[in-house]
Amino acid sequence: MQDSPKDLLRFATVGSVDDGKSTLIGRLLYETSSVLRDQIEALETASKKLNRGTLDLSLITDGLRAEREQGITIDVAYRYFTTEKRRYIIADTPGHEQYTRNMVTGASTANLIILLIDAKLGIQTQSKRHAFISSLLGIPNVIVAINKMDLVDYSEQRYKELCDEYRAFCARLQLNSLQFIPISALVGDNIVNRGDNMPWYDGPTVHETLESIYVGGDVNLVDLRLPVQMVLRPDSTFRGYAGQIASGVIRKGESVTVLPGDRTSKVKALVTFEGEVDYAFAPQPITVVLEDELDISRGDVLVHSGNRPKVIREGQAILVWMSEEPLRTNHPYFVKIGANTVRGVIPEVVFRFDPNQLHRESTETLGLNEIGRIRLETFKPLVCDEFTKNRQTGSFVLIDPTTFATVAAGMIIDRGQGRQLLSGDEAAEPVSKNIVATSGRISQADRERLLGQRAVTIWLTGLSGSGKSTVAYAIEQELAGAGHLAYVIDGDNVRHGLNRDLGFSPNDRKENIRRVAEVASLLNGAGVIVISSFISPYEEDRQSAGKIIGDGFMEVFVDAPIDVCESRDPKGLYKKARAGEIGEFTGISAPYEAPSKPDLHLRTDQMTPEESAQKILEFLREGGKLH
Amino acid sequence: MEDYRLTHLQALEAESIHILREVAAEFGNPVMLYSVGKDSSVLVRLAQKAFAPGPIPFPLLHVDTSYKFPEMYALRDQLCKDLNINLKVERNEKSIADGANPFDLGTWECCAQLKTGALVGALAEGEHDAAIGGARRDEERSRAKERVYSFRDDHGQWDPKSQRPEIWNLYNGKLRPGESIRVFPISNWTELDVWNYIDAEDIPIVPLYFAAEREVVVQGDRIIPVTPNTDKQPEGEIQRVMCRYRTLGCMPCTGAIRSEATTVREIINEMLMFNESERAGRVIDYDTDGSMEQKKQDGYF
Ligand SMILES: Nc1nc2c(ncn2[C@@H]2O[C@H](COP(=O)(O)OP(=O)(O)O)[C@@H](O)[C@H]2O)c(=O)[nH]1
């Protein structure tokens, strides 16, 4: 049934003019049966009028008549489609000279970006700018679609060259996940259907990626920030603070602090149209009633006392300038952040980014579509977070006080961030004098309360191929889906970095496990649920790990007979070990000491990884370690 | 165990409520346009939710062309009574007295007088700085680029080139004297979302949305209702046909579709199979390609 509950995924398509954005979207809509019959008829008429021979799918997304006649799209257009699993909102952002402004607008709310590159033309200046802006905006997922593969004879080599070149460029940016897909929007290869033209490509299609990408983690459920939009006072008995939770979870009965001004009270009730609720979370709208009469007005922010945003009158930000009128230093602007609008000035433009070379340039001002770093001073305190920590409370717009135009989009940054954004960029500005420091000691218990979870370490031990990693990631996903912060530590993320100096001798294995246990302990201290996935063959080492980690340690034996593991051989290691290419291989040329008293014993040859994961979660629940 | 996931309908609802509260907080004299249709009905429910336990803090405005279906007037009056809503009705009495009708004037001119003219007049007269409407971007191609806050100059006109960028969920509601905005809180909803929401929330709607045998004139694939409000009638023989309406406008200009769906669930099921866009049955779109855009530039919603 198509009207079953779905989750919402917002994505933006970006690329230069004629890279094929409109064709791609048209193709996606067309092949997911999202184009209605009469629209197809209208399309045929329009295609004929414009003398385009075949059905021109790009016309599906072209809106205004004037643009249609000029053959370009001039603004951000929104499109919608639905599949079995998801409801999609597409922001189609055009690639002509206004692209920066439009891309920032369209991408600002996106969970994902599809960035198009023309396989024939290769990587253009604009392709680099698009990656840079995606990185600035903290877009969690980026798909790089190499389009028009039909024009390069579907050459795998050409595709690989482009991937390598682009990946090398993007390495200097903060892009979380980059995924490449070779497509032809015109022909329809690897969009929804795979097609026969690129048998060498066995990765997911665009549609498969959209359907499967995990977006639940895009919502910050850790830091409670509730900007008050308005005070509801229907009569003298009721006073409620209405707002949309920007991040975090708020619960009835807990104490909250109101910023600025630092006043504290308890949540007496959480009110909705349907009645009172015990908790509410981002991005839900809610109305909060407090125990005490506080003077709270629009723009104030409710937070947990132990987890505070910045309250500043002076700070630094990245600005994307969107107006024809250039930035004026020391000119009063309105700063709109959350539900708060205050006056402020920009005393100085620190530098401008050259988005092509990723250099910084000195400048006095910013013009249309330019991006730079500025100092900001406001006449009243701003309650905010760094944008990289909180997209909701770290973003603002600047409004011109005379024309009332929206002239810039801004992102609050911290002193060190210039360096993170651009490697090799030695930023060393002084910290803002007026930042109110977060004070007080916060314990593991406080953090656990903030996160709404108990920090435990699920220690998976077992042979290579027994299914540890699969189970580990299945648990992580389950937990994340339920709003829990969990983290998998496995060989892949420590052997290459932290432990790259270690080999596989008994001593090195011992040290490897010790370090992993220390990291798990630190993460537990930070409130995070850890799932560690290591062979950890020696009983003694596991016992010391248990001592380092303490109460939260839970040993799980992931057990499958060696012949089963060997037949699975996911990384081809057994084969190499048998061939003598790998020495000291557990189960073949090194011993595995099965746990004598594991907290849980899972036979992965007798159940699926999901079942194993469920068993572990049940065990935690029964032990009161998970609610 | 606490669950922190939202379905797409809940996510859309959250976005719309946020917008409604922003408007109530930032504008001096907002008004909600109420057409009695399904989108308006959803909008009213969202406004109830946004301001609960308080009342909806702005009036509703119904632009009455005098050609609305009797069932629409009935639901309107019932709803306003039940929810204690402050309703304003606006009619262009002069044109109505002159007998304005789409058969003599053409759809466009009739709309310009009875609808657009009345609306622009009412907003000016009421000094409303924000008018909230239930338009959705999926309704028509030219709406795909519409902002949530859509700016109108002091003649109520819309210029596609001078719209403000909307970044994150930060809406710029600053206005100069004479300017106003139209606000579309359900911009991101589709027709299917609206029906699913009506179903989930059990929202009362005009019975015309449900299939019944009705007196109509069939012209090609258009099914046009017979109007009691005027002597003029669409040309053709009057027949009884099992049909329902997908959108509700004025009787002479609203096409019905053949259907057997008598419940919201059945409508949803029909939609899932049905492959035609919403305004296809609405005669007004047949004027010229791009006609909606033209109407919008003139101040039509
Ligand atoms: N050969 C080929 N042409 C394509 C492909 N995708 C798009 N085009 C063509 O490139 C031109 C620009 O496409 P369009 O979708 O309008 O690009 P936009 O400006 O990014 O929206 C049109 O003539 C398309 O038919 C493709 O995969 N292969």
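Every chain is numbered from 1 and lettered A, B, ... according to where its sequence line falls, protein lines coming before strand lines.
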Quick one: which of [options] has the most heavy-atom pairs under 4.5 Å with chain A, could you say?
options	value
Pro53(B), Ala25(B), Pro57(B)	Pro53(B)
Asn188(B), Thr190(B), Leu175(B), Leu9(B)	Asn188(B)
Pro165(B), Ala11(B), Ala52(B)	Pro165(B)

Is the backbone of [Y] close enough, under 3.5 Å, to the side chain of [X] for a donor and an acceptor to pair up by distance?
X	Y	answer
Arg137(B)	Tyr80(A)	no
Tyr78(A)	Arg143(B)	no
Lys336(A)	Tyr171(B)	yes
Gln229(A)	His18(B)	yes
Arg21(B)	Gly243(A)	yes

Could you tell me whether the side chain of [Y] reaches within less than 4.5 Å of the side chain of [X], counting heavy atoms only?
X	Y	result
Leu137(A)	Trp168(B)	yes
Asn169(B)	Gln244(A)	yes
Tyr4(B)	Val249(A)	yes
Arg164(B)	Met322(A)	no

Looking at chain B, which one of [options] has the largest number of heavy-atom pairs inside 4.5 Å, strictly under?
options	answer
Pro285(A), Gly240(A), Pro234(A)	Pro285(A)
Ala409(A), Ala107(A), Ala110(A), Ser395(A)	Ser395(A)
Ala280(A), Pro283(A), Gly452(A)	Pro283(A)
Ile89(A), Val271(A), Ile337(A)	Ile89(A)
Ile286(A), Leu9(A), Val219(A), Val104(A)	Ile286(A)
Gly338(A), Gly481(A), Ala405(A), Gly106(A)	Gly481(A)

In terms of heavy-atom contacts, Leu170(B) and Val397(A) come closest through CD1-N, 3.8 Å

Residue part contacting chain A, namely of Glu26(B), when any heavy atom lies under 4.5 Å: side chain

Given that the side chain runs from C-beta out, which part of Ala50(B) has a heavy atom under 4.5 Å from chain A: side chain, backbone, both or neither? backbone

Neighbour count above 12 (heavy atom, 6.0 Å) for Asp235(A) CG: yes

How would you list, by chain and number, every residue that makes a salt bridge (charged side-chain N to carboxylate O under 4.0 Å, His left out) with Lys625(A), sequence neighbours excluded? none

Run the ring pair (Phe, Tyr, Trp, His ring centres under 6.0 Å) test against Phe334(A) and tell me which residues pass, sequence neighbours left out. none

